K.L.:
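Submitted below is the structure of interest, expressed as structure tokens.
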Amino acid sequence: MVRLVAAAATAGLLAGALAGGASAAPTVKAEEVINGTFDSGATAPWWWTENNPASVVDGRLCADVPAGTSNPWDAIIGQNDLPVTAGETYALTYTASATSPVTITTNVQQATDPYTQYFTSADQLTAEPKTYEQTFTAKADDDAAQLAFQIGGSSSAYTFCVDDISLDSGAEVPPYDPDTGSPVRVNQVGYLPDGPKKGVFVTDGTDPVAWSLKDANGAEKASGTTTPKGVDASSGKNVQTFDFSSFSTPGEGYTVTIGDQVSEPFTIAADVYSELRTDALQYFYVERSGIAIDGSIVGDKWARPAGHVNEGANQGDNGVTCVASDPCDYTLDAAGGWYDAGDQGKYVVNGGIAAATLLSSYERTLTAPGASKDALGDGKLRVPEHGNNVPDILDEARWELSWLMSMQVPEGQPLAGMAHHKLHDAQWTALPTQPTDDDQPRELHPPSTAATLNLAAAAAQGARLFQPYDAAFADKLLASARTAYAAAKAHPAVYAPATDSTGGGAYNDDNVTDEFYWAAAELYITTGEDSFKSDLTGSELWGQGEDVFPKGGFYWGSTAALGALDLATVPNKLAADQLTEVRSEVTGAADGYAADATAAAYGQPYAPEKNAWVWGSNSSVLNNAVVLATAADLTGQAKYKNAVLGAINYILGDNPMNQSYVTGFGERATQNEHNRIYAHQLDADLANPVPGSMAGGPDNALEDPTAQAKLVGCVGAMCYIDDIQSYSTNEMAINWNAPLAWVASYVDDLGTVPTVAGDGGHHGGHHGGHHH
Ligand code: 9MR
Ligand code: 9MR
């Protein structure tokens, strides 16, 4: 311990006095760490890796860390043999500094492979010693856990010093109290001039209060009183709402003031969602594998060399064979496709739903009144394929469709025509890891029926959309879809197991009724052939709207909705009464989501059973919005359109966290999504994620160590943290950005296209100067 930390010493005494004192339920505090203060000058029992020799300097343990190691754990200072008990809460405290600004990883974890983490945090160190105080509840018994300061991975050499290290059992979990900024909540991007404009005021008060809408100069433009709503289920907080829908003058820098509380600023404009549309789609380009990301397209900060093509340390996806536990005697050239998320795995079920959602965003423009084909057309998005006369959104989808087809088992092999479930690293890699630095073996995991049907569905949809642009590619897609579908029928119950989650996610699924429905629907729409129709109408999901459209939203594990939405909107040969039935399932589901949106203070069309917000909940909100928007396209009813706008308001800041979940959009936007490439939070030389990428959002099951340490006690939609380590609340993923892009495209059309469905035909084009 260094001399000057008198405050810390006093705090320690005080804590000791309290623990031994008159408190009703005495908690037993016990120090686990040995020699955490370095008072005697001794270093034992601390250990360190050979490359960063440590010694006691001025009462602190200091180590010279070399430049140029690649992983955090390539340089460590640690102590072993710390007993931790499942269910026990620990306070972990330390004071650390670094001579150049670095982010280290501090873990309490298993001391041996697989190094399961009980606690992890990313700590940004500076030259000034900083004290970290953290609590966590251990998830397992371990009589010899390890405290590890992982100080490697820095491009420059530096000196790390640490002192006053303590791990105390018997800690109390502090009440969950996130910084949520102003209690006045709005869509931080803004509103359409003619659309609904609503917000939320978080307050203990139960009487209506006055709100005031001000312009950028502070002049009042509208005013009114709030509506008390009681306790909002999604957050457990008392709230009131306000509504300034009747104000429609375009402008920037508006705010809503209640008492002395001011909202974040927002815009009112017809094109308020135009950038969101293109940026949500540029996310797919930066996630492309197997191609260099061109800085002149997305900005130099996000440029990088091609990933997984046998360059640098990685072995490449161009010649991948099967995992040793399930060998095959062939290799596939499965380079290309999109990385799934923050990891660099590629998964057919998730790739299929994401590609299909982009295809549907385009296909909507062929059928929906007032949808803009132009905004997604050639030259309009950030893709390298400009000037090929193919709509840019189809170019982007093609990148994935081609990869999906490459995952098929070759002819002549057992399971020919099936799709391998996934391709990823043998072991999880560290954050950050650039694709070219990924030295893990890449492996094909066994085929599954779900993956095979996902490929069949997405490829069949692609076949009809590419027909006018590239007939040969369309034919290839359809042939691949047919082969896959036949293979799935021949092997209808090959399931990916939940246990296969080392080095990549499991995407396990043991119910493929929905995938069969989806694939049969797409093949039927594309070909009109009776065999697909009889499979479709013979499905146990046929006519079962509530199962086709689950209340919690469709997702990669429940895909029938994608088929039903297309049957309802894309011309096909269903009989009139069958078409009516499918359309009524869409509007029936939309009625439910619209009712949820109306009941919710924050207006989101998502009300999960038991308030259980799932991993990727933001995509549930948006997939429900896709159903709502389709219902609006089919019927022209404003209630559906308004619920879609409720979803987008929720995503962009009108929510319990006062958080815009889309990078680069809004004053309080997510910045530190879980991603190995754009890991700025861990390495200042790297960029943050590209604008337009959406965080998964609140997950109250607390499914990663950071969530387990930082979010204890959170309610529903408040279980979120903008920390790169929180992969269960703050990852980005292709299947989540796809509905963001779909919905952004829809709401942008609402504002910028002259005749728009869902508005009863009242739009008169652009809205400048439309006053009430
Ligand atoms: O980083 C991974 C993330 O992309 C996945 O969504 C998540 C769940 O499958 O698992 C990952 O996280 C790993 C982490 O980066 C390192 N420790 C092991 C974690 C997986 O259990
Ligand atoms: O989106 C997936 C979510 O539904 C699951 O609950 C979760 C845990 O299995 O995995 C999510 O998918 C991750 C995948 O396993 C690995 N790549 C990142 C994905 C998003 O976090």
Side-chain angles (χ1 to χ4, degrees), residues 283-284 287 289 307-308 337-354 357 400 421-431 433 435 438 440 442-443 445 448 450-451 454 495-511 514-515 550 552-559 606 608 612-624 661 670 672-679 689 693-708 719-740:
Y283 166 78
F284 293 89
E287 286 283 289
S289 178
H308 297 100
W338 298 315
Y339 295 126
D340 191 50
D343 62 324
Q344 288 150 28
K346 304 192 293 195
Y347 310 84
V348 170
V349 288
N350 216 40
I353 182 174
T357 303
E400 187 70 359
H421 196 64
K422 53 181 188 164
L423 184 185
H424 59 69
D425 292 325
Q427 299 293 329
W428 287 108
T429 57
L431 275 73
T433 294
D438 176 4
Q440 283 292 315
R442 305 280 282 181
E443 298 169 332
H445 291 247
S448 70
N454 254 268
Y495 301 133
T499 46
D500 189 8
S501 62
T502 301
Y507 284 112
N508 51 299
D509 189 356
D510 59 7
N511 180 340
D514 52 302
E515 283 84 2
F554 69 86
Y555 72 111
W556 59 264
S558 174
T559 57
Y606 176 63
W613 290 60
V614 299
W615 189 319
S617 65
N618 283 339
S619 73
S620 310
V621 171
L622 291 170
N623 279 334
N624 290 351
Y661 290 108
T670 291
N672 295 310
E673 287 154 330
H674 181 85
N675 185 283
R676 285 166 172 72
I677 303 175
Y678 307 108
S693 66
M694 183 178 73
D699 170 6
N700 64 347
L702 308 189
E703 299 180 78
D704 66 69
T706 299
Q708 285 154 8
C719 302
Y720 170 78
I721 183 167
D722 185 16
D723 186 307
I724 194 165
Q725 305 287 6
S726 182
Y727 48 84
S728 68
T729 76
N730 205 34
E731 193 156 359
M732 50 175 51
I734 52 174
N735 63 317
W736 303 339
N737 244 71
L740 175 68

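Fair warning: this is a prediction, and the values are worked out from it, not measured in the lab. Because only heavy atoms are used, hydrogens play no part in the values below, and waters and symmetry mates are left out as well, while side chains stay in. Indexing begins at 1, ligand by ligand and atom by atom, following the structure's order.
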K.L.:
So is E731 polar-close to ligand 2, meaning N/O to N/O under 3.5 Å?
P.N.:
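Yes; the residue has a nitrogen or oxygen that sits under 3.5 Å from a nitrogen or oxygen of the ligand.
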K.L.:
Can D438 and R676 be counted as an ion pair, charged N to O under 4.0 angstrom?
P.N.:
no
K.L.:
Under 4.0 Å between a Lys/Arg side-chain N and an Asp/Glu carboxylate O for D340 and K346?
P.N.:
no
K.L.:
Just by modelled atom types, is the A430 backbone N or O under 3.5 Å from a matching donor or acceptor in the T433 side chain?
P.N.:
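The answer is yes, because a donor-acceptor pair under 3.5 Å joins these two groups.
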K.L.:
Would W556 count as a polar contact of ligand 2, with the cut-off being nitrogen or oxygen pairs under 3.5 Å?
P.N.:
yes
K.L.:
Could you see which bit of Y507 sits under 4.0 Å from ligand 2, with heavy atoms only: side chain, backbone, both or neither?
P.N.:
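Near ligand 2, Y507 shows its side chain, while the N, CA, C and O stay back.
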K.L.:
Begin with the C-alpha distance, continue with both residues' side-chain angles, and end with the deciding distance and a verdict on side-chain hydrogen bond (donor to acceptor under 3.5 Å, both in side chains) for Y720 and T729.
P.N.:
CA-CA 5 Å; Y720 170 78; T729 76; over 6 Å; no
K.L.:
Would you say W615 has any N or O atom under 3.5 Å from an N or O of ligand 2, going by distance alone?
P.N.:
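Yes, there is a polar N/O contact under 3.5 Å.
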K.L.:
I'd like to check whether Y727 has a polar contact with ligand 2, where a contact means an N/O of the residue lying under 3.5 Å from an N/O of the ligand.
P.N.:
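By distance alone, the answer is no.
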K.L.:
Does ligand 2 come near enough to D340 that some N or O of the ligand is less than 3.5 Å from an N or O of the residue?
P.N.:
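Yes; the residue has a nitrogen or oxygen that sits under 3.5 Å from a nitrogen or oxygen of the ligand.
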K.L.:
Go through it in stages, so that I can follow the logic: the residues are L622 and M694, the test is side chain to side chain contact (heavy atoms under 4.5 Å, CB included), and I'd like the CA-CA distance, side-chain angles, deciding distance and then a yes or no.
P.N.:
CA-CA 11 Å; L622 291 170; M694 183 178 73; 3.5 Å; yes
K.L.:
Which of the atoms of ligand 2 are close to W736, meaning less than 4.0 Å from one of its heavy atoms?
P.N.:
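Result: 1 (O), 20 (C), 21 (O).
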K.L.:
Between the side chains of Q344 and T429, is a donor N or O closer than 3.5 angstrom to an acceptor N or O?
P.N.:
no
